Amino acid sequence: AQSVTQPDIHITVSEGASLELRCNYSYGATPYLFWYVQSPGQGLQLLLKYFSGDTLVQGIKGFEAEFKRSQSSFNLRKPSVHWSDAAEYFCAVGADRDDKIIFGKGTRLHILP
Amino acid sequence: DAGVIQSPRHEVTEMGQEVTLRCKPISGHDYLFWYRQTMMRGLELLIYFNNNVPIDDSGMPEDRFSAKMPNASFSTLKIQPSEPRDSAVYFCASSFPPYHRTGGAGTEAFFGQGTRLTVV
């Protein structure tokens with residue numbers, strides 16, 4: 001079965017600084033990967049997704065993520081964060097052996113003014 | 001489309017009572033997922049349906065939990081009897097068939113706003 005690890009529970013960065021959120025997955029075959037964002041009291045919104053092809057994917061709100069098969073990683077990046085990026089971010093993995101989408105436990109992003 | 005619609009948004013109930021959470025998926029989506037979110041365990045997949053049929057309920061915590069999808073536009077998650085440890089935010093999500101079933105046109109899951117359940 002597939003699984004997802006987000007090693008950082010909380011991350012704090014200054015406004016304007018760059019951001020990288022880590023995600024590692026475990027799955028024996030080709031996964032498909034997602035990053036979602038959750039603002040307080042809200043549902044989850046998709047930031048970006050990877051199914052195949054170019055391993056660097058662009059998403060909404062200036063986010064991007066890179067799929068690295070050799071490292072089983074799908075890290076999320078943003079060159080310059082804004083105060084409105086403060087939220088919880090979830091990495092998720094789907095598998096071609098079943099139809100489940102499994103989520104990591106999330107990383108809460110705090111932005112310093 | 002209005003997106004995935006969940007009701008109620010908030011539910012407070014006493015231990016032992018029956019609780020029913022409702023979900024209306026996006027029209028045309030074949031898949032429906034129920035997740036539970038807690039601080040300790042994050043987002044857990046409870047059960048998912050394909051074309052109204054439950055496919056995998058291995059995440060349902062115990063027999064007190066049950067889920068149904070009587071038609072393509074409605075699903076319920078029922079807890080009977082409820083316990084304080086069931087307090088969580090419950091999310092419903094829907095999607096088209098995943099990537100590996102569509103030959104390359106797969107999509108993501110779209111989430112509702114969630115139901116915050118408090119059992120006292």
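As a basis for the values below, the full set of heavy atoms in this structure was taken, side chains included, without hydrogen atoms, waters or symmetry mates. Predicted, not measured: the structure shown is a model, and the values here were computed from it. Per chain, numbering begins at 1; letters A, B, ... match sequence-line order.
Atom CD of E14(B) has 12 or fewer neighbouring heavy atoms from other residues, nucleotides or ligands inside a 6.0 Å radius. In the displayed structure, N71(B) atom CG is contacted under 6.0 Å by more than 12 heavy atoms of other residues, nucleotides or ligands. More than 12 heavy atoms of other residues, nucleotides or ligands sit less than 6.0 Å from atom CZ of R64(B). By the neighbour-count criterion of 12 heavy atoms within 6.0 Å, atom CD1 of I60(A) is densely surrounded, having more than that number from other residues, nucleotides or ligands.
Only the side chain of S58(B) comes within contact range of chain A, with heavy atoms under 4.5 Å apart. Contacts of R41(B) with chain A are made by backbone atoms alone, with heavy-atom separations under 4.5 Å and no side-chain atom involved. Only the backbone of M40(B) comes within less than 4.5 Å of a heavy atom of chain A; no side-chain atom from C-beta onward does. Neither the backbone nor the side chain of Q6(B) comes within less than 4.5 Å of any heavy atom in chain A. Contact annotation for L46(A): only side-chain heavy atoms (C-beta onward) come within less than 4.5 Å of a heavy atom of chain B. Both the backbone and the side chain of L43(B) have a heavy atom closer than 4.5 Å to some heavy atom of chain A.
Ranked by heavy-atom pairs under 4.5 Å with chain A, the list F110(B), Y48(B), F33(B), F91(B) is led by Y48(B). Counting heavy-atom pairs under 4.5 Å between each of G104(A), G53(A), G43(A), A92(A) and chain B puts G43(A) at the top. Note on K105(A), K100(A), Q38(A), Q42(A): by heavy-atom pairs under 4.5 Å with chain B, the leading option is K100(A).
Partner of L32(B) under the side chain to side chain contact (heavy atoms under 4.5 Å, CB included) criterion, chosen from P54(B), S95(B), C92(B): C92(B).
Between atom CG of residue L48(A) and atom CZ of residue F34(A) there is a gap of 10.5 Å, rounded to the nearest 0.5 Å.
Classified by interplanar angle (parallel below 30°, tilted 30° to 60°, perpendicular above 60°), the ring pair Y35(B)/F111(B) is tilted.
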